[in-house]
Amino acid sequence: MKVMAQMAMVMNLDKCIGCHTCSVTCKQAWTNRSGMEYVWFNNVETRPGLGYPRGYEDQDKWQGGWTRKANGRLTLRAGGRLNKLLNIFSNPKMPSMSDYYEPWTYDYETLLNAPSQKHFPVARPHSLLSGKPINVEWSANWDDDLGGSHEHAAKDLMLKGIEDKVKLAFDDTFMFYLPRICEHCLNPSCAASCPSGAIYKREEDGIVLVDQDKCRGWRMCVTGCPYKKVYFNHKTGKAEKCTFCYPRIEVGIPTVCAETCVGRLRYIGLMLYDADKVLEAASVEDDHDLYESQRSVFLDPNDPHVQREAEKAGIPGDWITAAQKSPVHALINTYKVALPLHPEYRTMPMVWYIPPLSPVVDVIKDTGHDAEDADNLFGAIDALRIPVEYLANLFTAGDTVPVDRVLRKLAAMRSYMRDINLGRDPDPEIPARVGMGEEEMYNMFRLLAIAKYEDRYVIPTAHGEEAHALEELATDCPVTGYDDELLDVSGPFGEGSGRGSMTPVAIENFKMLERRQTSDTMQDGEHLKGRVNLLNWDGKGMPPGMFPDEDGER
Amino acid sequence: MNTFLWVIFPYICLAVFVVGHVWRYRYDKFGWTTRSSQLYESKLLRIGSPLFHFGMLGVVGGHILGLILPQDWTDAVGLSHEAYHIIALAGGIPAGIAAVVGLVILIYRRRTVGPVFSATTINDKVMYAVLGVVIVLGMWNTIAGSLFTIGGEYNYRDGVSVWFRQIFAFQPDESLMAAAPFGFQLHGFLAFLLFAMWPFTRLVHVFSAPIGYFTRPYIVYRSRDRRPGAATGSRAQKRGWERVQ
């Protein structure tokens, strides 16, 4: 047994209101740089819908993830090592800019400089890549809230097999949001696809990162990731991906997306797992078994044997305690209400989801029945195959049994808690019908409904003796090693090149952000004057370039 | 003048090539990349890039045969001069054509596709110009010189190749190059200029050819801290895959 710790996340989809706060704060923190305009480490998709990049779930087309060969061994769907190297000069399965969207800005200058005229001047969209005017036709959530769903949503691959039933029904009742970040898989196919070996999984917390100094821009990881969560920075020519906000996690604070989540639907905690069993678990024959086989890899942190082995593997004591208190562990293994996203890709994803009961509740409500009555809810789960089958396509490779079980638990909790809230005697029959005790059900309710900050985020810090090396603490002198060179965004050999040592992520972002937002050109500019980003303005004084100079010059 | 062109200049270029790469790798690992533009455009790249790169691999292989392998060796195995010539042309011309056609497609793409052109630096443009001229001159020497023998027959294995090997023995004989046809002289001169530019351009990605991919395990684990310790998993560490320090 080789015990390893994995920082994991669970999202409770019933609570997601689709406000995109997570996406926006993540973007401000991490991908607000030129070359990364189209990159959303966190994005929120409306389902049914195409997601981002468009139709990324179609692995017949994109060839992401692993596939099981006839002899029972796993191989990369896009081809093995030799195949990768033969295609290294031009990756045949890489999404193009049009599958994401061409980033753009608006020609605000026209608004300021237009002469007095009959018609109001218009700021036209300009491509951030070529600087030319473009016709905006797609973006990261073009089909938000089922916008244009008659055209787009029908192409949602997860509707396979239930299209005819859904077409009639889903416009009325069936919609939910799916926030996505990198899955930080136990068996990451992006890392396996990287010819340079630049993508690695951190031993301490399982976070999957790209070594920017080792990445050579071969682009195979973009194809390899079935969730399309590795992005290519077209300015630096390097791959970048969600970092699980590791500088924050190291000092015990949650990721930016979780911290700012309005619905408080995200849970972060540790999972202990047996690294020796991962490959075997990812290789089971039937796709339907993947959910259970992945659960079997996880270890019980309360088991003394596991604790001993964890200690032997060098996992600190406070981390084992944190694993015991982990809300993620509770949701995945104790209450068993969280499910993995697309286990059939066989990457063993570690961001799990509690499927939404709301499509079912909404249907009952609309028919005028009591949507909190256990019998009504159970009956509806049995009758409403559309949401259940759709959710099963997302979370259990199409097996409706686990989804059914989770929805029943959520329904039972809803019904059981209503009696308590109304001051009636709780009915022990209800938890019993889903195989739970009363206390267990109440605890699950507390975790799902009213868990406080420190209950939702149980994040052990990296150890004090290593603090000097941690990103967020910056115990170094803040100017050591990153001098004026840093201000020069475009180095001698392209963006960001020519630095003796890598600069800390936070500082680099800040400088680049400032440079880009005050630049004069649509693309990554050479001149500083002219353009102002008001999001960056604190309201004091007048930012340079906000208004033309007194003599009319800019 | 001949001493400068065929003795001093090559050594300067080779020194810059070697020291430049060491310096660039230490100073600028972050900038060491292919700077792929596939995200902007992939249809033309799908044809042009493999044509060019595989063509160039053939061309490099041909140069190794022609420049490094002494004529005595092929004579010793009984390969006649004519037979060698036919083999060289049969291999070299298709590879060269592939490289040139690929290069033309890639340059056309770079100029006409807006985002790709915007992402092209001056550094790139100068490098493409020198690289293009070197390749075209090489093709000219092969086709005009060897195939149609315009301007008389020239056996480079008696001249250029010997001089090239002498460089690495630190005893270059400049008269060998001085006697070569102008096309060969220019090709050689610009090739050395390209070597001197090499470490400062995106050409450095040649030295990142990911051969290690064949032998490394699929999933790479790395430690945040530098604990000296056992390998991850209960498997023994493989040679070359010791923990990154």
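A, B, ... follow the sequence lines: proteins, then strands. Residue 1 opens every chain.
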Backbone of [Y] reached by a side-chain donor or acceptor of [X] within 3.5 Å:
{"X": "Arg202(A)", "Y": "Tyr221(B)", "answer": "no"}
{"X": "Thr34(B)", "Y": "Gly217(A)", "answer": "yes"}
{"X": "Tyr218(B)", "Y": "Ser189(A)", "answer": "no"}
{"X": "Gln38(B)", "Y": "Asn91(A)", "answer": "yes"}
{"X": "Lys238(A)", "Y": "Phe30(B)", "answer": "yes"}
{"X": "Arg222(B)", "Y": "Ile199(A)", "answer": "no"}

Measure across [X] and [Y] and return the closest heavy-atom pair with its distance rounded to 0.1 Å.
{"X": "Arg216(A)", "Y": "Trp32(B)", "value": "NH1-O, 3.0 Å"}
{"X": "Arg216(B)", "Y": "Ser196(A)", "value": "NH1-C, 4.1 Å"}
{"X": "Ile88(A)", "Y": "Pro210(B)", "value": "CD1-CG, 3.6 Å"}
{"X": "Leu86(A)", "Y": "Phe54(B)", "value": "O-CZ, 3.5 Å"}
{"X": "Ser130(A)", "Y": "Gly114(B)", "value": "CB-C, 4.2 Å"}

**Prompt:** Do you know which of Ser193(A), Cys190(A), Ser98(A), Ser96(A) has the most heavy-atom pairs with chain B at a distance under 4.5 angstrom?
**Reply:** Ser193(A)

**Prompt:** Quick one: of Cys194(A), Gly80(A), Ala191(A), who has the most non-hydrogen atom pairs under 4.5 Å with chain B?
**Reply:** Cys194(A)

**Message:** Checking side-chain polar atoms at under 3.5 Å, does Ser36(B) have a donor or acceptor matched by the opposite partner on Arg219(A)?
**Reply:** yes

**Stepwise side chain to side chain contact (heavy atoms under 4.5 Å, CB included) check, Ile219(B) with Tyr200(A)** = CA-CA 7 Å; Ile219(B) 314 290; Tyr200(A) 62 97; over 6 Å; no

**Axial cation check for Phe214(B) ring with Arg81(A), 6.0 Å and 45° limits** = no

**Asked** Around Tyr11(B), counting heavy atoms of other residues, nucleotides and ligands shown, do more than 12 lie under 6.0 Å from its OH?
**Response** yes

**Fill in**
Sequence neighbours excluded, the answer for ring pair (Phe, Tyr, Trp, His ring centres under 6.0 Å) partners of Phe9(B) is Phe189(B)

Which portion of [X] sits near chain B, non-hydrogen atoms under 4.5 angstrom:
{"X": "Cys215(A)", "answer": "backbone"}
{"X": "Leu74(A)", "answer": "neither"}
{"X": "Asp274(A)", "answer": "neither"}

**Message:** Does any backbone or side-chain atom of Phe207(B) lie under 4.5 Å from a heavy atom of chain A? Answer side chain, backbone, both or neither.
**Reply:** neither

**Asked** Hey, what do you get for OG1 (Thr33(B)) to CG (Asn233(A)), rounding to the nearest 0.5 Å?
**Response** 9.5 Å

**Prompt:** Phe89(A) vs His53(B) aromatic rings, parallel, tilted or perpendicular, using cut-offs 30° and 60°?
**Reply:** parallel

**Heavy-atom check, side chain of Pro115(B) versus side chain of Met97(A), under 4.5 Å** = no

**Asked** Among residues 40-51 of chain B, which residues come closer than 4.5 Å to chain A, judged by heavy atom distances?
**Response** Tyr40(B), Leu45(B), Arg46(B), Ser49(B), Pro50(B)

